[in-house]
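Excluded from the calculations below are hydrogen atoms, water molecules and symmetry mates; all remaining heavy atoms, backbone and side chain alike, are included. The model shown is predicted, which means the values in this text are computed figures rather than measured ones. We number each residue from 1, following the sequence as shown.
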Amino acid sequence: MQKRQILVVVVVLAGVSLVVSDEDVKPLDFYKYSLQWPPSACTLPPPGKKCEVRHEARFTIHGYWPQYNKDTPVPPYCDDLRCTNTKPTSANDVVGILEKSPLKKDLMKDWPNLYARQRRKEEDNLEFWKYEWRKHGMCSDDANKPSEYFRNSLTLLPNFKNLKQVIVSCWRFVSVTET
């Protein structure tokens with residue numbers, strides 16, 4: 001009888017422990033979707049970097065970042081293991097996954113490393129996506145599904161294809177009203 005009571009207590013404590021640890025995971029509030037305008041980014045590159053080729057004048061993805069309330073960035077997984085309740089795919093594994101992925105072609109076009117060296121463009125892009133995964137993807141809702149994380153970002157880009165026209169129209173409106 002006493003062994004049975006101990007077993008019940010152990011099972012109840014294990015259940016409470018799971019509930020407490022699950023509550024420690026802070027839910028994401030939204031994703032920040034950052035776009036870049038390559039002609040501008042290539043005009044003023046970060047110190048020590050340069051664009052190897054002139055990119056077409058269209059927006060590309062700069063990042064897809066999970067955020068908490070009040071636009072607080074979710075810290076990288078290595079800084080906060082409680083950002084997800086699943087074991088994320090390692091950053092090193094992401095390189096192999098993306099290298100063989102059908103998404104790679106779209107990532108090269110729509111989420112490029114603008115400072116990739118022409119001779120090592122593919123390798124530099126893979127390193128860039130690995131960095132983005134380590135910093136942002138490992139604490140995303142798709143922490144163990146990197147292809148979904150990158151696919152989600154790529155599927156948002158067509159929603160912004162007219163952004164250039166909107167900006168040009170706004171600029172024309174502002175410049176006309178200022179004169």
Before giving the answer on side chain to side chain contact (heavy atoms under 4.5 Å, CB included), spell out for V94 and F150 the whole-Å C-alpha distance, their side-chain angles and the decisive distance to 0.1 Å. CA-CA 10 Å; V94 164; F150 287 99; 4.1 Å; yes

Stepwise, does the side chain to side chain contact (heavy atoms under 4.5 Å, CB included) test hold for R58 with L157? CA-CA 11 Å; R58 69 181 187 87; L157 191 59; 4.2 Å; yes

Just do the side chain to side chain contact (heavy atoms under 4.5 Å, CB included) check on E99 and W129 with the steps written out, would you? CA-CA 11 Å; E99 209 165 23; W129 302 326; over 6 Å; no

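Heavy-atom contacts from other residues, nucleotides or ligands closer than 6.0 Å to NZ of K109 number more than 12.
Atom CG of residue N113 and atom CE of residue M108 lie 10.0 Å apart, to the nearest 0.5 angstrom. Between N152 atom CG and S140 atom OG the span is 8.5 Å, to the nearest 0.5 Å. The SG atom of C139 lies 10.5 Å from the CZ atom of R82; values are rounded to the nearest 0.5 Å. For the atom pair C42 SG and W37 CH2, the distance stands at 12.0 Å (nearest 0.5 Å). In this structure, CD on Q36 lies 9.0 Å from CD1 on I61, to the nearest 0.5 angstrom. The line from CE of M138 to CG of D79 is 11.0 Å long, rounded to the nearest 0.5 Å.
Shown here for W133 and A91, the closest heavy-atom pair between the two residues is CD1-CA, 3.7 Å. S147 and L103 make their closest contact through O-CD1, 3.4 Å (heavy atoms, listed as atom of the first residue, atom of the second, distance). In terms of heavy atoms, V74 sits closest to C83 at CG1-CB, 4.0 Å. Contact record, Y68 with P73: CD1-O, 4.2 Å, taken as the closest heavy-atom pair. In terms of heavy atoms, K145 sits closest to T89 at N-OG1, 4.3 Å.
Side-chain contact between L98 and K104: absent, with no pair of heavy atoms (C-beta onward) separated by less than 4.5 Å. Side chains of K130 and N92 form a contact here, defined as non-hydrogen atoms less than 4.5 Å apart. Between D141 and L28 the shortest side-chain heavy-atom distance falls below 4.5 Å. Contact check for Y77 versus S90: no side-chain heavy atoms found under the 4.5 Å cut-off. Residues W65 and S34 are in side-chain contact: their nearest non-hydrogen atoms beyond the backbone lie under 4.5 Å apart.
Ring planes of Y149 and W111: tilted class, angle from 30 to 60°.
In summary, of the residues considered (E122, Q118, E123), a side-chain hydrogen bond (donor to acceptor under 3.5 Å, both in side chains) with R120 occurs for E123 alone.
Taking hydrophobic clusters as Ile, Leu, Val, Met, Phe, Trp and Tyr residues chained together by side-chain heavy-atom distances below 4.5 Å, Y131 does not share a cluster with V95. Tracing side-chain contacts under 4.5 Å through hydrophobic residues (I, L, V, M, F, W, Y), one never reaches Y64 starting from I97; they form parts of separate clusters. Linking ILVMFWY side-chain heavy atoms closer than 4.5 Å, directly or via other members, places F160 and L107 in a single hydrophobic cluster.
Between R119 and D124, no side-chain nitrogen of the basic residue sits less than 4.0 Å from a carboxylate oxygen of the acidic one, so the salt-bridge criterion is not met.
A side-chain donor-acceptor contact under 3.5 Å links Y33 to the backbone of S153.
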